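Written out below as structure tokens is the structure these notes cover.
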Amino acid sequence: MSRLEEYGMQRDSVLTKILVVDDRVENIRSMRRLLEAVDAEVYSALSGVEALGLLLRHQFSLILLDVMMPEMDGFETAELIRGDLRSQQIPIVFVTAADKEESVEFKGYDVGAVDYLYKPIQEHILLSKVRFFLEMARHKSLLEQSLQELKQLRNHNEVLLNSTAEGIVSLDASGHITFANPAAQQLLSYSGEAMLGLDFACIQSLDGARTAFEQSALYQACQGQRHIQDDQQYFYRPDGSHFPVAFTASPLPVEGAELPGMVLVFQDISQHKDTADRLAYLAQYDALTGVANRSLFSKLLGQAIARAERHQQNLALLFLDLDRFKAVNDTLGHQAGDLLLQQVAQRLQACIRDGDTLSRLGGDEFTVILEEVGDSREAAVVAHKLVEALTEPFIIKDQEVFIGTSIGIALYPDSARGAESLLKCADMAMYQAKAQGRNNFQYFTPEMQQRAVQALNLEQRLRYALERDEFVLHYQPQVNISSGAIIGLEALIRWRPDGQTLIPPGDFIPLAEETGLIIPIGEWVLRHACAQVQSWHQTGLLGPEVSVSVNLSVRQLEKRSLLDVLTTVLEETGLKPSQLELEITESAVMKDPEVAVELLRSISERGIQISLDDFGTGYSSLSYLKMLPLDVLKIDRSFVNDIGGNPSDDAVLETIIALSKNLNLRVVAEGVETQRQLQFLQRLDCSSIQGYFISEPKSTDEIEALLWRIKEGHSSDLLTPDKPAGLIVLPWQEAASH
Ligand code: C2E
Ligand code: CA
Ligand code: CA
């Protein structure tokens with residue numbers, strides 16, 4: 001099937017109608033016969049009136065109209081047909097018997113005839129004319145349809161252009177506005193006319209600089225006939241106000257112009273941007289204090305270092321950690337803690353210059369970046385100011401709160417060159433400041449670095465120490481001052497990493513506490529000390545009244561699981577609770593008094609003895625002594641050391657001893673090294689002593705040997721009242737002198 005035939009078939013389905021008007025039936029009949037050759041439905045009318053009637057009901061593509069008809073002739077009929085809007089456009093072919101007479105023809109054309117056919121009708125002329133007109137009609141209807149569609153499309157586009165909230169403008173190649181939809185006019189605050197022909201440079205920048213516009217990505221993209229998207233620009237209104245926009249710009253071919261223009265679709269994104277800005281702000285600033293957070297701090301420090309490097313300048317990084325913040329948080333609550341942090345941030349901010357950056361890294365840690373510092377002294381001035389600022393009391397919930405801060409200072413480029421290492425250096429220096437007694441500042445030194453490396457090393461080795469059984473216990477006897485008898489042994493831990501070197505507890509206990517390793521280590525000490533002393537009880541080397549003292553760390557006092565551990569250990573070893581004494585310090589109790597006191601009560605209720613270690617070095621508030629279920633008070637060796645040095649110190653010692661008697665506490669004086677000290681304590685009626693004068697802490701084997709000597713009668717007592725103090729010779733000293 002050819003294309004044309006296909007076309008024809010389609011056309012048939014649209015049912016083309018032809019109207020034949022003739023007053024004579026035989027004419028109509030012959031015409032119908034002839035028209036069978038065309039694909040059309042043929043209607044007929046015997047008069048003009050009938051024809052008009054049919055025209056009302058059908059849409060015809062062609063009318064074959066007999067001119068000579070009675071009543072109303074063809075011309076009249078044609079005139080009426082033309083007079084009606086619906087049928088006005090239908091082509092009319094007059095069929096006339098008359099010879100070609102110009103007058104008739106003209107008359108026909110006047111009323112809108114399109115063509116003539118002459119009787120007798122020649123078939124091929126009729127058919128070719130009819131086909132031609134039908135084809136015309138077909139084209140016309142297609143055209144009409146397209147026009148209709150086009151009109152609809154235009155309406156549709158217009159609706160879109162007018163109703164959309166997005167601004168749409170088109171520009172010519174030089175960047176002048178050729179079209180702007182209502183939204184564009186409204187967003188940019190221009191009237192429609194004012195926008196037409198306007199240079200877009202005026203919208204893209206405040207000063208409407210042409211060169212700037214021509215360099216803009218928007219213009220360039222259009223010249224390069226590329227499509228671009230951007231949401232980082234601002235558009236300006238005639239009053240100078242501006243708003244952030246997101247736009248897409250596409251090249252728009254302009255008829256007759258060599259270069260394309262562009263069509264720009266844009267949106268006001270201020271609201272969206274507000275949220276985005278807010279989110280970006282939240283991601284960079286600390287919600288509580290409003291100062292930069294850790295993430296922004298890292299970025300700013302990196303930038304500050306880059307600047308310092310470029311300009312060959314020094315930079316100081318201050319690392320602050322609040323002193324006693326945890327205590328405030330724990331006693332007054334988190335809300336109070338938050339209020340405190342806010343006030344701290346305000347005070348710190350007030351101490352620094354505009355260009356310096358204060359950040360909160362989290363918790364009670366703050367940093368300050370000081371740029372363009374001439375020398376280290378400048379940083380010290382600021383650090384001093386910050387320390388002073390936080391020394392003043394804070395008022396939180398109508399309460400005066402005292403805190404302080406320890407500051408570490410690291411300098412670029414002296415301490416380190418990279419942001420991360422600079423922060424580490426400042427952090428190390430801060431720890432040093434804490435160790436120096438808090439509320440002060442320290443510069444980073446290379447030795448700190450060394451120490452930090454050592455600490456890390458130590459921590460790793462400490463982790464394996466338990467597994468590898470590298471700890472040992474030494475024992476130091478406690479002696480009754482009047483009878484000289486051993487009343488207790490204090491277990492003191494040592495670390496022997498290589499089987500030789502003995503590392504004293506002072507070198508690793510703090511780290512074990514910091515890392516939490518003290519929990520398993522403390523348990524190990526407890527188990528071994530109890531087992532050892534119980535075995536001495538069993539072999540009769542120790543009388544049942546002799547107890548073992550085990551030191552407890554803060555961390556152990558924080559956990560209720562301590563009770564279970566104690567129960568298990570006593571069960572496992574068979575040691576009586578009264579034969580175990582736990583040594584705690586005031587500071588350990590004060591860390592979290594409520595928990596500690598409750599735990600100690602439960603421990604005491606089980607019959608385990610509790611002694612307060614290092615008494616006199618901490619809070620030494622005598623009133624709170626009553627709160628604690630104590631059995632023993634150990635006077636710190638600093639008091640014993642000072643004996644005879646200062647009369648008022650001696651008076652303090654005397655008071656402590658008298659007071660403990662009132663409270664029904666046994667007193668152990670620690671660190672007794674000389675006979676003078678011993679005599680003095682004897683005079684004050686101190687019940688027992690511990691110290692190098694009697695014995696240093698000794699290994700298990702050494703203690704066992706000593707206990708055997710005593711048992712075998714070399715000496716039943718370490719001290720005997722009948723011997724004058726000056727003549728006291730201790731059995732193992734005696735042995736050594738032989
Ligand atoms: P501490 O509880 O006050 O133990 C007494 C410390 O004083 C011991 O030091 C002891 O050797 C020392 N000492 C005893 N008599 C004298 C003397 O006459 N003069 C002098 N100058 N010092 C004397 P050590 O063994 O180095 O222990 C130090 C600290 O380590 C202990 O102080 C204790 O706080 C802690 N510690 C020791 N063992 C343990 C343990 O198993 N667990 C825990 N948590 N801490 C322990
Ligand atoms: Ca102790
Ligand atoms: Ca002590």
Side-chain angles (χ1 to χ4, degrees), residues 294 297 316-331 337 340-341 344-345 347-348 351 358-370 376 379-394 401-411 415-416 421-459 462 505-518 553-555 557-558 585-592 614 617-619:
R294 185 180 277 273
F297 160 74
L317 176 63
L318 275 52
F319 194 116
L320 289 81
D321 189 287
L322 303 185
D323 301 329
R324 288 185 297 278
F325 175 72
K326 195 179 176 299
V328 174
N329 221 19
D330 289 351
T331 49
L340 179 60
L341 286 173
V344 165
R347 281 199 199 170
L348 295 176
C351 291
L358 172 68
S359 317
R360 179 173 166 234
L361 299 193
D364 59 348
E365 289 178 349
F366 291 87
T367 54
V368 176
I369 304 171
L370 303 176
S376 57
V381 171
V382 178
H384 180 73
K385 235 163 76 180
L386 297 177
V387 168
E388 292 280 287
L390 299 193
T391 312
E392 293 288 305
F394 289 85
V401 173
F402 290 87
I403 56 161
T405 185
S406 304
I407 304 180
I409 306 173
L411 297 168
S415 311
S421 27
L422 200 63
L423 182 64
K424 262 192 206 135
C425 292
D427 189 19
M428 275 182 241
M430 184 277 289
Y431 267 99
Q432 189 58 35
K434 287 252 181 220
Q436 301 275 311
R438 296 160 190 258
N439 222 29
N440 73 106
F441 61 89
Q442 291 289 324
Y443 282 103
F444 170 80
T445 62
E447 294 80 60
M448 287 180 197
Q449 176 94 46
Q450 228 169 359
R451 242 175 291 151
V453 170
Q454 278 167 358
L456 194 69
N457 221 324
L458 188 70
E459 183 186 333
L462 202 54
D507 286 3
F508 63 88
I509 291 284
L511 189 68
E513 285 179 335
E514 216 173 279
T515 56
L517 281 167
I518 193 65
S553 109
V554 203
R555 302 291 292 266
L557 272 181
E558 283 168 357
T585 59
E586 290 169 286
S587 50
V589 174
M590 289 315 281
K591 194 84 190 285
D592 192 348
D614 305 342
T617 56
Y619 295 76

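From a predicted model like this one, the values you see are computed outputs, not experimental measurements. Every heavy atom of this structure was used, including side-chain atoms; hydrogens, water molecules and symmetry mates were not.
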Worksheet item: If you take all heavy atoms of A410 and L422, which pair is closest and at what distance?
Response: CB-O, 3.5 Å
Worksheet item: Going through the distances and angles, do Q432 and M428 end up as a side chain to side chain contact (heavy atoms under 4.5 Å, CB included)?
Response: CA-CA 6 Å; Q432 189 58 35; M428 275 182 241; over 6 Å; no
Worksheet, complete the sentence: Heavy atoms of R555 and E514 approach each other most closely as NH1-O, 3.7 Å
Response to the item:
One should read off an interatomic distance between L358 CG and R347 CZ, to the nearest 0.5 angstrom, of 14.0 Å
Item to complete: Side-chain contact test, heavy atoms from C-beta onward, threshold under 4.5 Å: evaluate it for E365 versus R294 and give yes or no.
Response: yes
Worksheet item: Out of curiosity, E513 CD to F508 CZ, how far, rounded to the nearest 0.5 Å?
Response: 11.0 Å
Response to the item:
F444 and C425 have their tightest heavy-atom pair at CD1-O, 3.4 Å
Item to complete: Take L348 and V368 through the side chain to side chain contact (heavy atoms under 4.5 Å, CB included) test and state the conclusion after the steps.
Response: CA-CA 9 Å; L348 295 176; V368 176; 5.7 Å; no
Fill in: Distance in Å, K424 NZ paired with L317 CG, rounded so as to fall on 0.5 Å steps
13.5 Å
Practice prompt. For A433 and N440, work out which heavy atoms get closest and say how close.
Written response: O-ND2, 2.8 Å
Fill in: Interatomic spacing from CZ in R438 to CD1 in I407 - rounded to 0.5 Å
14.0 Å
Fill in: For the student: nearest non-hydrogen atoms of G337 and N329, plus distance
CA-OD1, 3.4 Å
Worksheet entry | Side-chain donor-acceptor contact under 3.5 Å, S406 with D321 | no
Practice prompt. Any chance you could measure M448, atom CE, to Q454, atom CD, to the nearest 0.5 Å?
Written response: 13.5 Å
Fill in: Test log, rule side chain to side chain contact (heavy atoms under 4.5 Å, CB included), inputs L423 and L361
CA-CA 11 Å; L423 182 64; L361 299 193; 4.2 Å; yes
Worksheet item: In terms of side-chain geometry, is the basic nitrogen of K385 or E388 positioned less than 4.0 Å from the acidic oxygen of its partner?
Response: no
Worksheet item: Testing V328, D364, T391, D323 for side chain to side chain contact (heavy atoms under 4.5 Å, CB included) with I403, which one passes?
Response: V328
Worksheet item: Do the side chain of R360 and the main chain of L341 share a donor and acceptor less than 3.5 angstrom apart?
Response: no
Practice prompt. State, yes or no, whether a side-chain contact exists between L320 and F441 at a heavy-atom distance under 4.5 Å.
Written response: no
Discussion item. Return the CZ to CZ distance between F297 and F366, rounded to the nearest 0.5 Å.
Written reply: 13.0 Å
Worksheet item: Between N439 and T405, is there a donor-acceptor pair closer than 3.5 Å when you use the side chain of the first and the backbone of the second?
Response: yes
Worksheet item: Which heavy-atom pair separates I409 from A383 by the least distance, and what is that distance?
Response: CD1-CB, 3.8 Å
